[in-house]
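Okay, structure first, notes after.
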Amino acid sequence: MRKPCCEKKDTNKGAWSKEEDQKLVDYIKKHGEGSWRSLPQAAGLLRCGKSCRLRWLNYLRPDLKRGNFAEDEEDLIVKLHALLGNRWSLIAGRLPGRTDNEVKNYWNSHLKRKLIRMGINPDKHHVRQSISRQHPVISHGKKEQLSKDATFLVKKTSGLPDLNLNLTLSNNIVE
DNA sequence: AAGTGGCACAACCGCTCGGTA
DNA sequence: TTACCGAGCGGTTGTGCCACT
């Protein structure tokens, strides 16, 4: 059995308070990101390091774009999902200001349903299996390679209509 | 007004990976 | 070579809100 990422006792769980958010933001502004395991103690937070990391990445980061997804963002998510499958961090990496959690939630609550309504099977539209067959071991660390593969596949798969070959959104999307 | 079902999103959990001693 | 640790990822759960009955 693995050791827990931090001592379960003496750690808060559940929703973050404004005070906790402020402590985390202040600390990261001062010391930068990283060393998540030791951060809570250093910042005076009764939280698990993983929890701090998640809170910062998904909610507190200043470059986050909050609010509804634009139509071209939706479009890009669908296309990337078709290529990459449920590799949310890779997909989010191509959407400036969006997080993997946000993309994942949006997919599960909006886009999946939307595709179903359109008569598209959201699980089978992608080519995840063929990618997996070509690369039986795909790790998080291989995401750069996978990303290149995705771009390669798009270029190669000329049959796929209306694909954004750059697979990125510019930063000047109107909010 | 109260109950309830569905939705949206924040947060947690367990696993894997890469680095390193 | 291997065992350990920190970081990151994706799946899942919890919870608050809102619309509907």
Nearest-0.5 Å distance, CD of residue A:E102 to CD1 of residue A:I91
13.5 Å

Distance from A:S51 atom OG to A:L39 atom CG, nearest 0.5 Å?
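Reported value, rounded in 0.5 Å steps: 11.0 Å.
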
[N] [atom2] sits how many Å from [X] [atom1], rounded?
{"X": "A:W107", "N": "C:dC9", "atom1": "CH2", "atom2": "P", "value": "19 Å"}
{"X": "A:R55", "N": "C:dG8", "atom1": "CZ", "atom2": "P", "value": "18 Å"}
{"X": "A:R37", "N": "C:dC4", "atom1": "CZ", "atom2": "C1'", "value": "11 Å"}
{"X": "A:D100", "N": "B:dA10", "atom1": "CG", "atom2": "C1'", "value": "13 Å"}
{"X": "A:K114", "N": "B:dC7", "atom1": "NZ", "atom2": "P", "value": "16 Å"}
{"X": "A:N86", "N": "B:dC15", "atom1": "CG", "atom2": "C1'", "value": "16 Å"}
{"X": "A:Y106", "N": "C:dG11", "atom1": "OH", "atom2": "P", "value": "19 Å"}
{"X": "A:L39", "N": "C:dA7", "atom1": "CG", "atom2": "C1'", "value": "13 Å"}

Under 4.5 Å between side-chain heavy atoms, counting indirect links through other Ile/Leu/Val/Met/Phe/Trp/Tyr residues: same cluster for A:L57 and A:W88 or not?
no

Indicate, with yes or no, if A:Y59 and A:L45 share a hydrophobic cluster defined by side-chain heavy-atom contacts under 4.5 Å among Ile, Leu, Val, Met, Phe, Trp and Tyr.
yes

Closest to the [X] side chain, choosing from [options]:
{"X": "A:W88", "options": "B:dA10, C:dG10, C:dA7", "answer": "C:dG10"}
{"X": "A:H110", "options": "B:dC12, C:dG10, B:dC9", "answer": "B:dC9"}
{"X": "A:L54", "options": "B:dA8, B:dC12, C:dA7", "answer": "B:dC12"}
{"X": "A:R53", "options": "B:dA11, C:dG10, C:dC9", "answer": "C:dC9"}
{"X": "A:Y59", "options": "B:dA10, C:dG6, C:dG10", "answer": "B:dA10"}

State whether the distance check finds a donor on one side and an acceptor on the other, under 3.5 Å, for side chain A:K50 versus base B:dG14.
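Answer yes: a donor N or O sits under 3.5 Å from an acceptor.
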
Please evaluate the base of B:dA8 for a donor-acceptor partner in the side chain of A:N108 within a cut-off of under 3.5 Å?
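No, no donor-acceptor pair under 3.5 Å.
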
Report all interatomic pairs (protein N or O, nucleotide N or O of nucleotides 13-20 of chain C) with separations under 3.5 Å.
none

When you measure from the side-chain N and O atoms of [X] to the phosphate of [N], is any distance below 4.0 Å, counting only OP1 and OP2?
{"X": "A:N58", "N": "B:dA11", "value": "no"}
{"X": "A:S51", "N": "B:dA11", "value": "no"}
{"X": "A:K13", "N": "B:dC13", "value": "yes"}
{"X": "A:S89", "N": "C:dC9", "value": "yes"}
{"X": "A:R87", "N": "C:dG10", "value": "no"}

Sorted by number, the residues of residues 14-23 of chain A with heavy-atom contact under 4.0 Å to DNA chain B
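Contacts with DNA chain B under 4.0 Å: A:G14, A:A15, A:W16.
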
Please lay out, stage by stage, how A:L95 and A:L76 fare under the test side chain to side chain contact (heavy atoms under 4.5 Å, CB included).
CA-CA 8 Å; A:L95 290 157; A:L76 184 58; 3.7 Å; yes

Assign the ring pair A:H81 / A:W107 to parallel, tilted or perpendicular, where the plane angle (0 to 90°) is split at 30° and 60°.
parallel

As a quick check of understanding, evaluate side chain to side chain contact (heavy atoms under 4.5 Å, CB included) for A:R94 and A:L90, giving each step before the final call.
CA-CA 7 Å; A:R94 302 207 174 244; A:L90 270 181; over 6 Å; no

Do other residues, nucleotides or ligands put more than 12 heavy atoms under 6.0 Å from A:D63 CG?
yes

Salt bridge (Lys or Arg N to Asp or Glu O under 4.0 Å) assessment of A:R55 paired with A:E20:
CA-CA 10 Å; A:R55 183 65 177 170; A:E20 287 177 308; over 6 Å; no

Go through the steps to decide whether A:R61 and A:W56 satisfy the test side chain to side chain contact (heavy atoms under 4.5 Å, CB included), and finish with yes or no.
CA-CA 5 Å; A:R61 250 168 54 200; A:W56 172 253; 3.5 Å; yes

